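Below is one structure, written out as structure tokens, with a few remarks after it.
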Amino acid sequence: MDAIRWEGKTLYLLDQTKLPVEEIWLPYTDYRPVADAIRTMVVRGAPAIGVTAAYAYCLAALAGEDLKQAKAVLAASRPTAVNLFWALDRMERKAGDCGDNPETLIAEAIAIHQEDVAMCKATGLYGASVVPDHAHILTHCNAGALATSGYGTALGVIRAAHEQGKVDMVYADETRPLLQGARLTAYELVTDHIPATLIADNMAASLMAKGKINMVVVGCDRMAANGDFANKIGTYSVAVNAHHHGVPFYVALPCSTIDLTIPDGSGIPIEERDKNEVRTLYGVQTAPATVEVYNPAFDVTPHSLVTGIITEKGVIYPPFQENLKRLFG
Ligand code: MRU
């Protein structure tokens, strides 16, 4: 399963706002609508928006446009996932080396795309080693093939463990307000014939209290130097619940999601989205149109609630600050 394709000189994105009901691929030859596609979540998930931005940068180069301007427009699309800025910085460095040569830049974007798949596969294998036999795993939001270049981070761990016969059940939080768990994670699990149960977000604690979950694994949008991390809103409450019930809580991510320039989670910028995402449920009004709404897209989970950090280089345990630093040599 994939959500991003580059063919000839055109970028194609699978419109994730329409899943799982319709599978529609949208073509892009201009970088500006790609910035809109990231903002409106046609494409979403930290690694996927990094890869998409890299290709959009190529579209600007192919059109002979100002690459500094293109980078600024793309970087303004969403603030939290660091992969977006990581990928754009890498493309800008390459542009400096090659004098803005579009073919060289396309090769760099393709490399970022392919490396991401390899990182997910490696992360999946390391992660599978910490999955217990007869696993009943809870995950939140979508950190799957659709959120990456394929395979996924948290879902990569689940896919690899499933291939090893370890997974009895995956519980997917539906993930209000935009339902990435219901629409995307459930879709990936059902498509891959992985045993899956969809739950509303407020059901996880009750399942843990009944002993029905023996591991949590989630994805990440940005991790600070001390291991605090931002992920989809609701991740923090899953971590608190897991800690209370003694359930191991893992976060899976590529190293490109780690931002050592930010000492702890308080410095991670958190996106606030349109209030109507909470007043409505997929276009249908479910609250008074004028009610005040709080709609942060992400929250920060403190490292003290994390059992282990799963990366493409291995699984890291506390003390996270020292061990993350060591990871980058
Ligand atoms: O708002 P979204 O759907 O982009 O949020 C996605 C998440 O929070 C994912 O868990 C995260 O980006 C990791 S994806 C491998």
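Bear in mind that the values here come from a model prediction, so they are computed numbers and not experimental data. Remember, it's 1-based here, ligands and their atoms both numbered in the order they're listed. As a basis for the values below, the full set of heavy atoms in this structure was taken, side chains included, without hydrogen atoms, waters or symmetry mates.
A salt bridge links Glu65 and Arg32; the closest N-O separation between the charged side-chain nitrogens and carboxylate oxygens is under 4.0 Å. Using a 4.0 Å cut-off between charged side-chain N and carboxylate O, Lys232 and Asp221 make no salt bridge. One finds no salt bridge joining Arg176 and Asp201 here, because no Lys/Arg side-chain nitrogen approaches an Asp/Glu carboxylate oxygen to under 4.0 Å. A salt bridge does not link Glu108 with Arg93: none of the charged nitrogens is closer than 4.0 Å to a carboxylate oxygen. Look at Glu292 and Lys275 and you find a salt bridge, because one of the NZ, NE, NH1 or NH2 atoms lies within 4.0 Å of a carboxylate O, short of that distance. Arg159 and Glu188 are joined by a salt bridge, as a carboxylate oxygen and a charged side-chain nitrogen come within less than 4.0 angstrom of each other.
Proximity of Ile49 to ligand 1 is not established, as no heavy-atom distance is less than 4.0 Å. Proximity of Ala81 to ligand 1 is not established, as no heavy-atom distance is less than 4.0 Å. Ligand 1 has at least one atom lying under 4.0 Å from a heavy atom of Cys220.
Arg78 NH1, 2.8 Å is the protein heavy atom nearest to atom 4 (O) of ligand 1. In terms of protein heavy atoms, atom 7 (C) of ligand 1 is closest to Asp221 OD1, 3.2 Å. For atom 5 (O) of ligand 1, the nearest non-hydrogen atom of the protein is Lys232 CE, 3.3 Å. In this structure, the protein non-hydrogen atom closest to atom 6 (C) of ligand 1 is Arg44 NH2, 3.5 Å. Protein heavy atom closest to atom 9 (C) of ligand 1, with residue, atom name and distance, is Asn231 OD1, 3.4 Å. The closest protein non-hydrogen atom to atom 14 (S) of ligand 1 is Ala147 CB, 3.5 Å. Residue, atom and distance of the protein heavy atom nearest to atom 15 (C) of ligand 1 are Thr153 OG1, 3.1 Å.
By the 3.5 Å distance cut-off applied to N or O atoms, Thr148 is not counted among the residues near ligand 1.
Of all the atoms in ligand 1, the ones that sit under 4.0 Å from a non-hydrogen atom of Gln180 are 1 (O), 2 (P), 3 (O). Near Cys141, meaning under 4.0 Å from one of its heavy atoms, ligand 1 places the atoms 5 (O), 6 (C), 7 (C), 8 (O). Set against the non-hydrogen atoms of Met41, the atoms of ligand 1 under 4.0 Å away are 1 (O), 2 (P), 3 (O). Here is the list of ligand 1 atoms found below 4.0 Å of a heavy atom in Ala46: 12 (O), 14 (S). The Ala143 neighbourhood of ligand 1 comprises atoms 14 (S), 15 (C), with distances under 4.0 Å to a heavy atom of that residue. Below 4.0 Å from some heavy atom of Gly45 lie the following atoms of ligand 1, by number and element: 4 (O), 12 (O).
At least one donor-acceptor pair closer than 3.5 Å links the side chain of Thr80 to the backbone N or O of Glu271. The closest donor-acceptor contact from the side chain of Asn142 to the backbone of Gly181 lies at 3.5 Å or more, if one exists at all. Distance alone, capped at 3.5 Å, is enough to place a donor-acceptor pair between the Arg183 side chain and the Leu19 backbone.
Both the sub-6.0 Å distance and the 45° axial angle are not jointly satisfied by Lys325 relative to the ring of Phe320.
The aromatic rings of Tyr250 and Tyr317 sit perpendicular, their planes meeting at an angle over 60°, well past the 30° parallel limit.
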